Engineer: 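To start, I am sharing the structure in question, which I have written as structure tokens.
Computed from a predicted structure; not experimentally measured.
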Amino acid sequence: MTQVRVRFAPSPTGFLHIGGVRTALFNWLFARQQKGVFVLRIEDTDQSRSTDESIQAIIEGMKWVGLDWDEGPYRQTERMDIYRSHAMKLLEKGEAYWCICKAEELDSRRKEAEAKGLSQKYDGRCRDRGLTNPTGDAALRFKAPQEGETVVDDLIKGKIVFDNNVQDDLIILRSNGYPTYNFSVVVDDSLMNITHVVRGDDHLTNTPRQVPIFQALGFPVPQFGHLPMILGSDKARLSKRHGATSIMAYKDMGYLPDAMLNYLVRLGWSHRDQEIFTRQELIEKFSWKNVQTSAAVFNPEKLLWVNAEYIKISPPAQVAQALVPLLQAAGLGGEVQNVSAVWLVQLVVLVKERVKTLVEMVDWVRPYFGQTVTYDEEAAKKFLTPAIAPILAKLLTRFEAIPTFSKQQWEGAFKQLVEEEGVKMGQLAQPVRVTLTGRATSPGLFDVMEVLGRDRTLFRLRQGNERASQA
RNA sequence: GUCCCCAUCGUCUAGCCUGGCCUAGGACAUUGCCCUUUCAAGGCAGUAACACGGGUUCAAAUCCCGUUGGGGACACCA
């Protein structure tokens, strides 16, 4: 059994797209399951569109979601000599030819053909002219077979048959000497011994173009697998107008990397009725057989739910760690420095059941920093009334009488007072909630007190009582 | 226009390969109820789908053909 070698080969023309992450994920899962090798290759042969910032963005994104690669990142622009020498081999073998048709001419001929409703493929006018390239500005075309058929046995879609007579003689070296995509991928996939080429559905029709090049070069043809596309809610290919598509944008919006991967893998793959998978489970259970053949609509609502699940089930310490940068971004950097890691974890536990993103968590957690609390005016007006002040004062006295905080004891004292005063639980609970958190909604009161600690609880109770009596 | 892919609730999907167990299962969203000190979470229940038309068969969501619809590709982009 030869070792499985797969790759993720993005072109650095922007941020790392969530569709790209999904493609990388399927490759990565297969590599890890098969104890194979996962290669990262940057396809930057288009000089006008590739940028170094994009390369950094890809690396940053891959690292954030934790898809680690074993080889690379390779950069195609560092391998130019390799492509050229292989192109020359094809020329020598008579499998390629120089073409002096100008780009503009080809363009207008294509448009003409389109208008007449004819085939848009290259008419092959330079094919048998035996041209040389003395001025160095000709393009090199591959002599694509025009008879028979090319059969691809796709890992996901099964057997697909293409007629060779529709295939174009595609350009493999541009007039500027740079290789084109369909040529450089073939050379790289061959030289990097890629055994399984798994990429997006949009590359499906590139496959019958590439297969003959593998063969002409004398390389074995790898297995292919084409992942269905991700669509927006209008069933059009997912793009910016459907919302955020950059993986790092989701980091900023408070999503956990594991949640992103879990959602993305379920978009096109399934294992019975299971929704939530650990990475290890994914590696074990992944199978091409269970990859969907049809495109999937990206559903932000479900992503949100998956994220909420991960906030609940992930180790709180891990969530706390992911939360810190967002707290800093929200201007709570100073406060975070003054608290212990243990307390921060406690805080996460306090609110994790009630939020769907880390950004929401930042908001929920805000009242627990600092000595005093800022009231939501509407809540204060509604609950911190003169009528409640005397009861609040009694509660304060009873709490003060208990020397150390104990959830059971404080809750007992609270309930006893409620009974004695003949009020409903909520009549006292809401005012207390506002005194402690400044808001009308919060986690359970006694959990809040525990996180606040005895001193701050009493302090805020006094503060609230003052406000109530003056109202 | 040519070539290719695809088709189960609004969405992600199970089932399809190896027809009967499907009165089509789960999840998100949505509606109602329960729990409840608020907000969530949780629990229970409900609405909701085999695109259409022909075959094959005792039997079709499942196999075959066609139609329709959606998507992709047809660059000196990747």
Engineer: Within 45 degrees of the axis of the six-membered ring of A:Tyr122 and under 6.0 Å from its centre: does A:Arg141 put its NZ or CZ there?
Structural biologist: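 Output yes; distance and angle both within limits.
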Engineer: Select base, sugar-phosphate, or nothing to describe what A:His226 touches, counting heavy atoms under 4.0 Å on all strands.
Structural biologist: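 Nothing: the residue A:His226, judged by heavy atoms under 4.0 Å, touches no strand.
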Engineer: Side chain of A:Thr180 only, please: which of B:A27, B:A73, B:A78 is the nearest?
Structural biologist: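 When the side chain of A:Thr180 is considered, B:A78 is the closest of B:A27, B:A73, B:A78.
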Engineer: Heavy atoms under 4.0 Å, any strand shown: does A:Phe162 hit a base, just sugar-phosphate, or nothing?
Structural biologist: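 Sugar-phosphate only.
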Engineer: Using a strict cut-off of less than 4.0 Å between a Lys/Arg side-chain nitrogen and an Asp/Glu carboxylate oxygen, indicate whether A:Arg7 and A:Glu43 qualify as a salt bridge.
Structural biologist: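 Judged by the 4.0 Å cut-off on N to carboxylate O distance, A:Arg7 and A:Glu43 do not form a salt bridge.
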Engineer: What I want to find out is whether A:Glu105 reaches A:Arg125 closely enough, with some N-O distance under 4.0 Å, to be called a salt bridge.
Structural biologist: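 No salt bridge links A:Glu105 with A:Arg125.
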Engineer: Salt-bridge test for A:Arg75 and A:Asp44: reply yes if a basic N is under 4.0 Å from a carboxylate O, no otherwise.
Structural biologist: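 Between A:Asp44 and A:Arg75 there is a salt bridge, with a charged N closer than 4.0 Å to a carboxylate O.
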Engineer: Tell me what A:Leu204 touches on the nucleic acid: a base, only sugar-phosphate, or nothing, going by heavy atoms under 4.0 Å.
Structural biologist: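 Answer is sugar-phosphate: A:Leu204 comes under 4.0 Å of backbone atoms only.
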Engineer: Is any side-chain N or O of A:Asp201 under 3.5 Å from a base N or O of B:G72, one able to act as donor and the other as acceptor?
Structural biologist: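 Not at all, since no donor on one side and acceptor on the other fall under 3.5 Å apart.
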Engineer: Would you indicate what A:Glu275 reaches in the nucleic acid, counting non-hydrogen atoms under 4.0 angstrom: base, sugar-phosphate, or nothing?
Structural biologist: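 A:Glu275: base contact, heavy atoms under 4.0 Å.
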Engineer: Return the pairing partner of B:G42 with a 3.5 Å limit on both distances, Watson-Crick or G-U wobble; otherwise return none.
Structural biologist: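 Partner of B:G42: B:C34.
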Engineer: Only pairs with both distances under 3.5 Å count, Watson-Crick or wobble alike; so what is the partner of B:A27 in this structure?
Structural biologist: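 Its partner is B:U11 (Watson-Crick or G-U wobble, both distances under 3.5 Å).
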Engineer: Mind checking the P distance from B:U11 to B:A51? Whole angstroms is fine.
Structural biologist: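 One P to the other, the span is 12 Å.
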Engineer: Just to be sure I understand the rule, does A:Lys312 reach a base, reach only the sugar-phosphate, or reach nothing, if contact means heavy atoms closer than 4.0 Å?
Structural biologist: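 Contact class for A:Lys312: sugar-phosphate only.
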Engineer: Is the distance from OP1 or OP2 of B:A73 to the nearest side-chain N or O of A:Arg237 less than 4.0 Å?
Structural biologist: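 So the side chain of A:Arg237 is within the cut-off, an N or O lying under 4.0 Å from OP1 or OP2 of B:A73.
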Engineer: Choosing from B:A27, B:C76, B:A78, which nucleotide comes nearest the side chain of A:Trp305?
Structural biologist: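 Closest nucleotide to the A:Trp305 side chain: B:A27.
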Engineer: Give A:Gln274 one of three labels, base, sugar-phosphate or nothing, depending on what nucleic acid heavy atoms sit under 4.0 Å from its own.
Structural biologist: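 Nothing: the residue A:Gln274, judged by heavy atoms under 4.0 Å, touches no strand.
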Engineer: When we call it a touch if two heavy atoms are under 4.0 Å apart, what does A:Arg110 touch: a base, just sugar-phosphate, or nothing?
Structural biologist: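 Sugar-phosphate only.
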Engineer: Under 4.0 Å between any heavy atoms, over every strand shown, what does A:Asn206 touch: base, sugar-phosphate, or nothing? Just pick one.
Structural biologist: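 The answer is base, as A:Asn206 lies within the cut-off (heavy atoms under 4.0 Å) of a base atom.
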Engineer: Can you check whether A:Lys235 has a side-chain N or O nearer than 4.0 Å to OP1 or OP2 of B:U11?
Structural biologist: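 True: A:Lys235 side-chain N/O within range (under 4.0 Å) of B:U11 OP1/OP2.
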Engineer: Any salt bridge linking A:Asp234 with A:Arg241? Criterion: basic side-chain nitrogen under 4.0 Å from a carboxylate oxygen.
Structural biologist: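 Looking at A:Asp234 and A:Arg241, the cut-off is met.
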Engineer: Name the orientation class of the two ring planes belonging to A:Phe399 and A:Trp410 (parallel below 30°, tilted from 30 to 60°, perpendicular beyond 60°).
Structural biologist: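 Geometry flag for A:Trp410 against A:Phe399: parallel rings.
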Engineer: From CG of A:Asn262 over to P of B:U13, roughly how many Å is that when rounded to an integer?
Structural biologist: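 So the CG-P distance, A:Asn262 to B:U13, works out to 13 Å.
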Engineer: Can you tell me the Watson-Crick or wobble partner of B:C3, both distances under 3.5 angstrom?
Structural biologist: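 Its partner is B:G72 (Watson-Crick or G-U wobble, both distances under 3.5 Å).
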Engineer: Can you tell me the base-pairing partner of B:C63? Count Watson-Crick or G-U wobble geometry only, both distances below 3.5 Å, and say none if there is no partner.
Structural biologist: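 Partner of B:C63: B:G55.
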Engineer: Taking only Lys NZ, Arg NE, NH1 and NH2, and the carboxylate oxygens of Asp or Glu, determine whether A:Glu281 and A:Lys285 approach each other closer than 4.0 Å.
Structural biologist: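 A salt bridge is present here (some side-chain N lies under 4.0 Å from a carboxylate O).
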Engineer: Would you measure the distance from the P atom in B:C4 across to the matching atom in B:G19 and give it in whole Å?
Structural biologist: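 Those two atoms are separated by 28 Å.
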Engineer: Provide the distance between the two P atoms, one in B:U38 and one in B:G26, to the nearest whole Å.
Structural biologist: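 Their P atoms lie roughly 31 Å apart.
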Engineer: Here's a test of your reading of the structure: between A:Trp269 and A:Lys289, which maps to the more 5' nucleotide of RNA chain B?
Structural biologist: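 Looking at the nearest nucleotide for each, A:Trp269 comes out on the 5' side.
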Engineer: Using a cut-off of 4.0 Å on non-hydrogen atoms, how would the nucleic acid contact of A:Arg199 be classed: base, sugar-phosphate, or nothing?
Structural biologist: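 Contact class for A:Arg199: none.
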Engineer: Without hydrogens or angle criteria, can the side chains of A:Asn27 and A:His196 be said to hold a donor-acceptor pair below 3.5 Å?
Structural biologist: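 There is no such pair (donor and acceptor under 3.5 Å, judged by atom type) between the side chains of A:Asn27 and A:His196.
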Engineer: How far, in whole Å, is B:C12 from B:U18 if one measures between their C1' atoms?
Structural biologist: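 Per the computed distance, 26 Å lies between those C1' atoms.
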Engineer: In this structure, how many angstroms lie between the P atom of B:C74 and the CD1 atom of A:Ile171, rounded?
Structural biologist: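 Distance check: A:Ile171 CD1 to B:C74 P gives 13 Å.
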Engineer: In whole Å, I'd like the distance from the CZ atom of A:Phe224 to the C1' atom of B:C5.
Structural biologist: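 From A:Phe224 CZ to B:C5 C1': 16 Å.
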Engineer: Could you work out which one of B:U11, B:A78, B:C76 sits closest to the side chain of A:His203?
Structural biologist: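 Side chain of A:His203 sits closest to B:A78.
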Engineer: Do NZ/NE/NH1/NH2 and the carboxylate oxygens of A:Glu378 and A:Lys381 come within less than 4.0 Å?
Structural biologist: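 Not counted as a salt bridge, because no side-chain N and carboxylate O are separated by less than 4.0 Å.
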Engineer: Start at the 5' end of RNA chain B and walk down; is the nucleotide closest to A:Ser270 or to A:Ile100 reached first?
Structural biologist: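 The residue mapped nearer the 5' terminus is A:Ser270.
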Engineer: Determine the interatomic distance between C1' on B:C16 and the same-named atom on B:C6; round to the nearest Å.
Structural biologist: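 My reading of the C1' atoms in B:C16 and B:C6 gives 15 Å.
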Engineer: Let's test this: given Watson-Crick or G-U wobble pairing with both distances under 3.5 Å, identify the partner of B:C17.
Structural biologist: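 The base-pairing partner of B:C17, which may sit in any strand shown, does not exist here.
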Engineer: What's A:Thr205 touching, base or sugar-phosphate or nothing? Going by heavy atoms closer than 4.0 Å.
Structural biologist: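 Result for A:Thr205 = base.
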Engineer: I need the CG-P distance between A:Leu238 and B:G70, as an integer number of Å.
Structural biologist: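 Roughly 19 Å, once rounded to whole Å.
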Engineer: Using the P atom on both, measure B:U30 against B:A40 and round to a whole Å.
Structural biologist: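 Roughly 11 Å separates the two P atoms.
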Engineer: Strictly under 6.0 Å, is that where the ring centroids of A:Tyr263 and A:Tyr255 end up?
Structural biologist: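 No: the rings miss the under 6.0 Å criterion.
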Engineer: Using atom names, set out every protein N or O paired with an N or O of nucleotides 38-40 of chain B below 3.5 Å, distance rounded to 0.1 Å.
Structural biologist:
residue, atom, partner, partner atom, Å
B:U38, O4', A:Gln430, OE1, 3.1
B:U38, O2', A:Ala440, O, 3.2
B:U38, N1, A:Arg433, NH2, 3.4
B:U38, O2, A:Ser442, N, 2.7
B:U38, O2, A:Ser442, O, 3.0
B:U38, N3, A:Arg433, NH1, 3.1
B:U38, N3, A:Ser442, O, 2.5
B:U38, O4, A:Gly444, N, 3.4
B:C39, O2, A:Arg354, NE, 2.7
B:C39, N3, A:Arg354, NE, 3.4
B:C39, N3, A:Arg354, NH2, 2.7
B:C39, N4, A:Arg354, NH2, 3.4
B:A40, O2', A:Glu353, O, 3.0

Engineer: So what's B:C50 paired with, Watson-Crick or G-U wobble, going by both distances under 3.5 Å?
Structural biologist: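 When the pairing criteria are applied, nothing turns out to pair with B:C50, so the answer is none.
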Engineer: Does this structure show an ion pair linking A:Arg209 with A:Asp168, if we count only N-O contacts that are shorter than 4.0 Å?
Structural biologist: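 A:Asp168 and A:Arg209: not salt-bridged.
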Engineer: Would you say A:Arg266 places a side-chain N or O within less than 4.0 Å of OP1 or OP2 belonging to B:G26?
Structural biologist: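 No, because none of the side-chain N or O atoms of A:Arg266 sits under 4.0 Å from OP1 or OP2 of B:G26.
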Engineer: Say you pick atom C1' in B:A61 and the same atom in B:C22; how far apart are they, in whole Å?
Structural biologist: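 It comes out at 8 Å once rounded to the nearest Å.
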Engineer: Among B:C6, B:U37, B:A73, which nucleotide has an atom closest to any side-chain atom of A:Phe446?
Structural biologist: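 Selected nucleotide (nearest to the side chain): B:U37.
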Engineer: With rounding to the closest Å, how many angstrom separate the C1' atoms on B:C17 and B:C63?
Structural biologist: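 Pairwise C1' distance, B:C17 against B:C63, rounds to 10 Å.
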Engineer: What nucleic acid atoms does A:Gln120 come within less than 4.0 Å of, heavy atoms only: base, sugar-phosphate, or nothing?
Structural biologist: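 The answer is base, as A:Gln120 lies within the cut-off (heavy atoms under 4.0 Å) of a base atom.
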Engineer: Would you say A:Ser233 places a side-chain N or O within less than 4.0 Å of OP1 or OP2 belonging to B:G10?
Structural biologist: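 Indeed not, no polar side-chain atom of A:Ser233 lies that close.
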Engineer: To the nearest Å, give me how far apart CD1 (A:Ile391) and P (B:U37) are.
Structural biologist: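 That distance rounds to 17 Å.
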Engineer: Considering every strand and a 4.0 Å limit on heavy-atom distances, what is the contact class for A:Thr45: base, sugar-phosphate, or nothing?
Structural biologist: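 Since only primed, P, OP1 and OP2 atoms lie under 4.0 Å of A:Thr45, the category is sugar-phosphate.
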Engineer: Quick one: label A:Cys99 by what it contacts on the DNA or RNA (base, sugar-phosphate, nothing), any heavy atom closer than 4.0 Å.
Structural biologist: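 Contact class for A:Cys99: none.
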Engineer: Has A:Gln427 got a side-chain atom pairing as donor or acceptor with A:Lys424's backbone, closer than 3.5 angstrom?
Structural biologist: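 Judged by distance alone, yes, a pair lies under 3.5 Å.
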Engineer: Choose from B:G42, B:C12, B:A7 the nucleotide whose nearest atom is closest to any side-chain atom of A:Glu309.
Structural biologist: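 Looking only at heavy atoms from C-beta outward on A:Glu309, the closest nucleotide is B:G42.
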